[in-house]
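Everything below concerns the one structure shown next.
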Amino acid sequence: MIEILNPTLLARAKDTGALVADILQTLKSRSTVGTNLLDIDRWTEKMIVEAGAQSCYVDYAPSFGRGPFGHYVCTAVNDAVLHGRPHDYTLADGDLLTLDLAVSKGGVAADAAISFIVGDARPAESVTLIDTTERALAAGIAAAGPGARIGDISHAIGTVLSEAGYPINTEFGGHGIGSTMHQDPHVSNTGRPGRGYKLRPGLLLALEPWVMADTARLVTDADGWTLRSATGCRTAHSEHTIAITDDGAEILTLPKRG
């Protein structure tokens with residue numbers, strides 16, 4: 001299903017997006033050396049409940065997972081890249097942490113992810129991975145607008161990732177979003193321009209370039225959810241929810257400045 005939001009629902013989407021951005025930035029500021037992933041999950045639950053919102057994850061049980069996810073935020077560390085299930089792990093200096101959050105409020109969902117390095121260490125490979133996914137996300141957003149096609153976004157993202165030398169996995173990518181978290185159209189992280197669904201004002205998309213340093217192959221943890229690089233290499237993931245407007249694309253999950 002592809003949803004086109006009316007102005008009332010789009011206003012609600014902006015509120016939800018702002019909430020997701022605020023929670024992620026709060027979690028980032030509190031995720032320091034010595035923080036346990038289960039504490040991050042508890043903080044997320046508290047903020048969602050206090051905002052009068054609903055988690056898109058806790059009861060989520062798609063075909064690619066094993067039972068309900070059972071947690072409120074995805075926490076992927078180092079070689080984990082997607083669907084990282086919070087567990088009893090204490091963050092160390094130099095860990096690369098990805099937080100992925102989807103929340104629904106007022107009947108509309110928003111989805112975003114950030115990758116960052118914990119502590120004072122700055123491993124060069126990790127810095128480059130994060131920077132590349134952020135540049136790819138910016139390129140995808142710049143390619144979005146009324147009349148553009150999904151393939152234009154995919155091509156823009158894939159060009160940045162491939163020029164940086166990273167293999168691209170096409171099993172998981174971006175997606176439509178609206179009254180539910182995952183909708184059509186699928187937005188691959190590589191593709192051909194001029195192909196696919198034509199974008200219309202009112203369409204919401206979650207764009208999410210992610211990479212693994214030296215492989216395109218994923219393996220699944222024993223928890224049935226967490227996806228890791230097959231070689232144990234580090235990974236990064238950046239995501240925003242955007243709304244297609246008459247003038248281009250508006251980022252709904254952009255953090256506040258200052």
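Start at 1 with the first residue, then count along the sequence. Side chains included, hydrogens not; waters and symmetry mates left out as well; all remaining heavy atoms used.
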Is [Y] close to [X] at the side-chain level, that is, under 4.5 Å between some pair of heavy atoms?
X: His240; Y: Leu254; result: yes
X: Ile114; Y: Gln25; result: yes
X: Arg30; Y: Trp43; result: yes

>> Working note: Ile117 + Arg122, criterion side chain to side chain contact (heavy atoms under 4.5 Å, CB included); need CA distance, chi angles, decisive distance, verdict.
In response: CA-CA 7 Å; Ile117 302 168; Arg122 287 292 177 269; 3.6 Å; yes
> Would His182 and His175 count as a close aromatic pair, with their ring centres under 6.0 Å?
Replying inline: yes
>> So that I can tick it off, tell me whether Arg149 and Asp152 are bridged by a salt bridge, with the cut-off set at under 4.0 angstrom between side-chain N and carboxylate O.
In response: no
>> Quick test of your reading of the model: are Asp79 and Arg228 salt-bridged, counting only N-O distances below 4.0 Å?
In response: yes
> Got a second to check how far His87's NE2 is from Asn36's CG, nearest 0.5 Å?
Replying inline: 8.5 Å
> Taking the six-membered ring of Trp225 as reference, does the NZ or CZ atom of Arg66 fall below 6.0 Å from its centre and within a 45° cone about the axis?
Replying inline: no
>> Could you go through Asp111 and Leu101, starting from their C-alpha distance and side-chain angles, then the distance that decides it, and tell me whether this counts as side chain to side chain contact (heavy atoms under 4.5 Å, CB included)?
In response: CA-CA 6 Å; Asp111 191 359; Leu101 177 66; 5.9 Å; no
> Taking it one step at a time, do Leu91 and Val33 satisfy side chain to side chain contact (heavy atoms under 4.5 Å, CB included)?
Replying inline: CA-CA 5 Å; Leu91 293 170; Val33 175; 6.0 Å; no
Please table the atom pairs, donor to acceptor, closer than 3.5 Å between any side-chain atom in residues 188-207 and protein atoms at least two apart or in another chain.
unit_1: Ser188; atom_1: OG; unit_2: Thr190; atom_2: N; d: 3.3
unit_1: Ser188; atom_1: OG; unit_2: Thr190; atom_2: O; d: 2.9
unit_1: Asn189; atom_1: ND2; unit_2: Glu208; atom_2: O; d: 3.2

> Parallel, tilted or perpendicular for His71 and Phe69, by the 30°/60° rule?
Replying inline: perpendicular
